[in-house]
Number of protein chains: 2
Amino acid sequence: MTDLRVTVDIVIFTIREASLQVLLVKRGVPPFEGHFALPGGFIRVQESIEAAALRELYEETAVRDLFLEQLYTFGDPHRDPRGRVITVAYYALIASDKSSVVAGADAAEAHWFHVEKIPNLAFDHNDILAYALERLRNKLEYTTVGFQLLPKKFTLSELQGVYEAILGKRLDKRNFRRKIALLGILKPLREWHRTGRKPAQLFRFAASHFEKLRDKGILFPF
Amino acid sequence: MTDLRVTVDIVIFTIREASLQVLLVKRGVPPFEGHFALPGGFIRVQESIEAAALRELYEETAVRDLFLEQLYTFGDPHRDPRGRVITVAYYALIASDKSSVVAGADAAEAHWFHVEKIPNLAFDHNDILAYALERLRNKLEYTTVGFQLLPKKFTLSELQGVYEAILGKRLDKRNFRRKIALLGILKPLREWHRTGRKPAQLFRFAASHFEKLRDKGILFPF
DNA sequence: CCAAAAGTGTTAGGAGTACACCCATGG
DNA sequence: CCATGGGTGTACTCCTAACACTTTTGG
């Protein structure tokens, strides 16, 4: 009865090089030594599950300001060869301007992987990752989670890039902009991003009071 | 480290008396003795989480054929006064023609409660129930879970009744029927339900191959 | 014959989709 | 001056929502 332990594992997403990437760490000890795995660890007796996730997340990335949501709890009795371990999986979104911090964090070998190029992972972590990706794609369409992957100030093209990277398909620029405008959730700034050719206007997200677009009666079926 | 235990708790929904109801059991032992609570219990070391949920469900309702889905894992360190207990919450849907079986099950005092008339429950069970209800309402709109609450054969008015009971609002009969017809997920039977005045045609659900209506490119925004 | 639920179409408005060109800037 | 990404409008289709009357049966 006491031989049942609980961990948290976290699928950490960010946008890098115009694509969706996930942070994985190389295991230094058995089981699955040398394989990559999701960051995670055991829950302490006195801490909440979310606190455990935030603690692991900070140890691994040195980032505190991020989006974190519980995903699913995986509990196959044979998922960990060491014994019965249930894991509560989370997924996190790190803004693209903060994902570089990660390098200087933990001693463990941590790398960003393109979501389409994930190696064989330890335990059932490939399943967890696949489920997180599915959840993220779904949530993108009816919530505003997408904004969590961008810096505070961003251009409309950057925003569209987030949607394209996650959904894995190209979107029509005019339709995308019309829909965003219709939502009325962006505040245009009097600042321009000048690094391409023609400067692009910067915006910031200004509707944290409703996470669900459904509340506004509008969905995001791109 | 060993003082951390894991339970499952299940929000069991059914349709009775044209409304959405939940099964609650009266606790016979402290803590919260005499309060109602969600059915549930500890996970055994060698069983999967879902197997634990099914076992508790069968003990409580004597029903095996039902819809079961994991909801969320609640792990506030103080949610159980006896110590650290994490609970993996599930919700289940029992077809309306099977919910009467429940009476003859466990020795525990079990009762169906109207979702709008829930008493103060033990632990954080009111929170769990509220979350289950929210999930059910959301899933109703883009999946076919609603059919899980009906007998194999049902009338269109019964189907509409399920949607109305869960969403808590009246729907337009003609628009509802047009949309269902458009989905093409019902097989009309050569049988009629004769107990009101004019007989109503019976249908059965015939599209279990796609749970998500999204896969058909159609949503349920009633 | 009457009460009760079953069944059935049309219209107007709004959102989705497809589609092509000019503009401003840095090099 | 030119390459690059920024920015903009229209037309068609389809789904949504609002809305009322006739039919069938049992009592």
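These values consider heavy atoms only, across backbone and side chains, with no hydrogens, waters or symmetry-generated copies. Naming convention: chains lettered A, B, ... in sequence-line order (proteins, then strands); numbering from 1 in each chain. This structure is a prediction, so every number in the text was calculated from the model and none was measured.
- Residue A:S157 is in sugar-phosphate contact alone, with no base atom involved, counting any heavy-atom pair closer than 4.0 Å across all strands shown.
- Of all non-hydrogen atoms in A:E109 and A:F36, the two that sit nearest each other are O-CE2, 4.1 Å.
- One atom, NE2 of A:H193, and another, P of C:dT25, lie 15 Å apart when rounded to the nearest Å.
- Annotation: B:F123 is not in aromatic contact with B:F74 [ring centroid separation under 6.0 Å not met].
- In this structure, B:L171 atom CG and D:dC19 atom P are separated by 15 Å, rounded to whole Å.
- For the salt bridge (Lys or Arg N to Asp or Glu O under 4.0 Å) test, residues two or more places apart in sequence or in another chain that qualify with B:R135 are B:E69.
- B:F147 and B:F154 have tilted rings, their planes meeting at an angle from 30° to 60° on a 0 to 90° scale.
- The side chain of A:K179 lies closest to C:dG16, out of C:dT8, C:dG16, D:dT16.
- Per the geometry, CD belonging to B:E164 stands 13 Å off P belonging to C:dA5, to the nearest Å.
- Following rounding to the nearest Å, A:F176 (CZ) and D:dT8 (P) show an atom-to-atom distance of 14 Å.
- Separating the CZ atom of B:R194 from the P atom of C:dA4 is a distance of 20 Å, rounded to the nearest angstrom.
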## Note on the structure
Per-nt protein contacts along nucleotides 19-24 of chain C (heavy atom under 4.0 Å; B base, S backbone sugar-phosphate only, - none) come out as BB--BB
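- In this structure, the CD1 atom of A:I180 is 14 Å from the P atom of D:dT8, given to the nearest Å.
- A straight line from CD of B:E158 to C1' of C:dA6 spans 13 Å, rounded to a whole angstrom.
- With B:F113 as the fixed residue, the side chain to side chain contact (heavy atoms under 4.5 Å, CB included) test singles out one of B:I118, B:L129, B:L121: B:I118.
- When the C1' atom of C:dA6 is taken as reference, atom CZ of B:R177 falls 6 Å away, rounded to whole Å.
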Using distance only, find each side-chain donor-acceptor pair of residues 182-192 of chain B under 3.5 Å and give its atom names and separation, not counting sequence neighbours.
unit_1	atom_1	unit_2	atom_2	d
B:E191	OE1	B:K153	NZ	3.2
B:E191	OE2	B:K153	NZ	2.8

